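Below is one structure; the comments refer to it alone.
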Amino acid sequence: MITARAASGIHTHSLSVHYNQPEEQVIFSRHVRRTHHSQSRSITIDGIADRKHKKHWYSDGNIIFTVENVTFRVFKSFLIRRSEVMALVLTVPQPNEPSEDNHTPHTQQSTFDGIPVVSLSDAARDFALLLDMILPQTCTSPPISSETPWGQLLGLAQVAQKYGVDDVLAQTVVILDGILPTADNLGAYTGLKEPICVIEWARRCSLPQYLPMAFYYLATIQWSLNTIDLQTIQRLPPSDQVRVQHGRAKLQSEVIEAALTRWGIPALDP
């Protein structure tokens with residue numbers, strides 16, 4: 001069977017430019033190739049135009065996911081074997097709810113070329129990286145490493161936990177342990193946004209081991225009173241904002257007490 005990718009290659013070859021063609025034929029051939037390429041990357045489902053993922057769109061795939069404005073066509077079997085959550089979602093029938101007249105369903109399963117379409121609320125970049133991790137790879141280098149931006153690793157860990165791909169989560173956390181700040185290294189944080197992102201992520205993923213150093217950084221960094229910094233801090237829930245303020249007050253108290261002790265001045269009672 002000729003896949004769409006192979007067919008595309010054959011079609012492109014048939015439009016290859018020969019040097020003995022008239023100039024107008026050469027221009028037309030190039031235009032057709034560009035048009036064919038752009039059409040092959042676009043897809044319309046339920047009247048909404050999306051684009052196919054440049055890597056994870058397999059013409060013989062049997063399940064389609066729409067994530068943000070990107071579509072992925074992959075294989076159920078790989079996902080079901082690696083993810084208990086996906087196995088549940090993709091194997092449990094989706095009943096149609098009857099309408100008020102008990103005849104017409106409210107919603108029906110979207111399909112494309114007879115293939116079921118599932119809409120996800122994840123970030124397309126995170127979902128693509130998860131597929132990189134769980135689908136067979138032809139390249140020898142791993143999809144993630146210590147060179148991967150840690151923001152991408154946070155997203156991968158979150159989506160791996162959501163779908164119960166425990167081995168991917170564990171592998172990602174091992175790499176993050178060598179990147180995110182520890183008691184001996186605060187280098188990964190350069191401003192307010194980074195530790196706040198880590199706090200939000202750690203709470204969503206139930207990974208509390210990353211919270212102490214993020215809060216410590218916020219409690220020790222010099223804040224400015226500009227609008228950007230204030231809005232950034234306010235991304236935290238009130239309870240965490242109070243926690244940061246308590247930490248700053250406690251650290252200031254400890255510094256003052258240490259200075260008074262060094263100078264031989266009795267510390268003031270609280």
Side-chain angles (χ1 to χ4, degrees), residues 1-16 32-94 107-145 148-149 152-153 155-172:
M1 182 179 73
I2 299 178
T3 64
R5 186 175 300 174
S8 175
I10 294 172
H11 185 57
T12 300
H13 178 72
S14 67
L15 293 171
S16 59
V32 171
R33 278 187 303 206
R34 285 198 297 266
T35 303
H36 174 75
H37 178 73
S38 63
Q39 288 178 345
S40 67
R41 290 291 307 277
S42 64
I43 182 173
T44 300
I45 300 176
D46 292 340
I48 300 175
D50 293 321
R51 61 182 176 86
K52 300 174 184 178
H53 190 266
K54 61 183 179 181
K55 180 178 180 182
H56 296 300
W57 178 272
Y58 306 100
S59 60
D60 52 349
N62 55 7
I63 188 68
I64 294 175
F65 295 97
T66 61
V67 190
E68 295 181 319
N69 65 332
V70 183
T71 56
F72 303 80
R73 184 169 179 172
V74 291
F75 306 94
K76 285 184 181 181
S77 57
F78 287 111
L79 300 179
I80 290 174
R81 283 199 294 266
R82 296 296 301 277
S83 167
E84 293 182 0
V85 176
M86 282 292 185
L88 181 64
V89 171
L90 299 179
T91 57
V92 174
Q94 302 297 316
T107 58
Q108 293 182 343
Q109 173 73 57
S110 296
T111 60
F112 178 81
D113 285 347
I115 305 299
V117 177
V118 178
S119 180
L120 302 178
S121 59
D122 308 293
R125 183 187 69 176
D126 299 341
F127 189 70
L129 191 53
L130 179 66
L131 293 179
D132 286 343
M133 296 292 291
I134 66 179
L135 295 180
Q137 298 293 317
T138 57
C139 57
T140 57
S141 58
I144 60 172
S145 68
T148 304
Q152 294 183 24
L153 295 174
L156 174 61
Q158 180 172 320
V159 76
Q161 185 188 64
K162 174 181 177 179
Y163 295 112
V165 191
D166 295 337
D167 60 322
V168 173
L169 175 62
Q171 183 178 348
T172 307

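The residues of the chain are indexed from 1 along the displayed sequence. No experiment lies behind these values; they were computed from the predicted model shown.
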Test item: H53 and T71 side chains (from C-beta on) under 4.5 Å apart, heavy atoms | no
Separation between OG1 of T66 and CD1 of I48, rounded to the nearest 0.5 Å | 8.0 Å
Of all heavy-atom pairs between F112 and V117, which one has the smallest distance, and what is that distance?
-> N-CG2, 3.8 Å
CD/E68: more than 12 non-hydrogen atoms of other groups inside 6.0 Å | yes
Rounded distance [0.5 Å steps], CD1 in I134 versus CE in M86 | 7.0 Å
Closest non-hydrogen atom pair between I80 and A87, with its separation = CG2-CB, 3.7 Å
From CG (N69) to CD1 (I43), nearest 0.5 Å = 12.5 Å
Please name the pair of heavy atoms, one in V70 and one in A124, separated by the smallest distance, quoted to 0.1 Å.
-> CG2-CB, 3.9 Å
Please walk me through it: do L79 and L131 pass side chain to side chain contact (heavy atoms under 4.5 Å, CB included)?
-> CA-CA 9 Å; L79 300 179; L131 293 179; 3.8 Å; yes
Would you name the heavy atoms of D122 and V67 that are closest together and state the gap between them?
-> O-CG1, 3.1 Å
L130 and V165: CA distance, side-chain angles, deciding distance, side chain to side chain contact (heavy atoms under 4.5 Å, CB included) verdict = CA-CA 9 Å; L130 179 66; V165 191; 4.2 Å; yes
For the residue pair A128 and H56, what are the closest heavy atoms and their distance?
-> O-NE2, 3.7 Å
CA sep, side-chain torsions, deciding dist, call: I63, L90, side chain to side chain contact (heavy atoms under 4.5 Å, CB included) | CA-CA 9 Å; I63 188 68; L90 299 179; 4.0 Å; yes
Calculate, to the nearest 0.5 Å, the distance between atoms OG and CD1 belonging to S110 and I115 respectively.
-> 13.5 Å
Point-to-point distance, once rounded to the nearest 0.5 Å, from CG of L120 to CG of D126 | 12.0 Å
Give a yes/no verdict on a cation-pi contact between R82 and F78, requiring under 6.0 Å between NZ or CZ and the six-membered ring centre and an angle within 45° of the axis.
-> no
Heavy atoms, side chains only, cut-off 4.5 Å: are P143 and M133 in contact?
-> yes
Can you find a pair of side-chain heavy atoms, one from I64 and one from V118, that are under 4.5 Å apart?
-> no
Enter the distance from W57:CH2 to F72:CZ here, rounded to the nearest 0.5 Å.
-> 11.0 Å
Tell me, with the steps shown, if R73 and K52 meet side chain to side chain contact (heavy atoms under 4.5 Å, CB included).
-> CA-CA 8 Å; R73 184 169 179 172; K52 300 174 184 178; over 6 Å; no
Pairing residues for Y163 by the ring-ring contact (aromatic ring centres under 6.0 Å, His included) criterion, not counting sequence neighbours | none
